[in-house]
Amino acid sequence: MRCDTGDLNKQVGDVTDAASREPVVLTRHNKPRFVLMSYEHYERLRSGTDPRRAHAASEMPGAHAELFGDVERLAKGEGYDDET
């Protein structure tokens with residue numbers, strides 16, 4: 001979610017609700033200025049205990065690669081059991 005800092009006072013409830021679910025980018029003149037997030041999220045980032053990680057596709061575990069292969073086949077319309 002993005003919110004202009006000029007609108008923050010009018011939308012504080014909506015913005016804090018959104019920040020409890022995910023980081024919210026606060027902008028001024030359409031330029032990112034701040035990020036508002038839950039304290040728990042901040043602590044995970046600060047302590048380095050956030051289990052989420054980004055990996056290169058070449059480092060993807062085999063089970064995940066299989067799932068992505070299934071999604072790719074389904075996107076092409078292949079593998080649907082209900083088709084005859």
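Keep in mind that this is a model prediction, so the values were computed, not measured.
With rounding to the nearest 0.5 Å, the separation of CZ in R46 from OH in Y39 is 6.0 Å. Note that NE2 of H41 and OG of S20 are 12.0 Å apart. Values are rounded to the nearest 0.5 Å. In this structure, OG in S38 is found 11.0 Å from CD in E22, a value given to the nearest 0.5 Å. Atom CE of M37 is separated from atom CD of E43 by 11.0 Å, given to the nearest 0.5 angstrom.
Residues V24 and V35 have side chains not in contact (no heavy-atom distance under 4.5 Å, counting atoms from C-beta outward).
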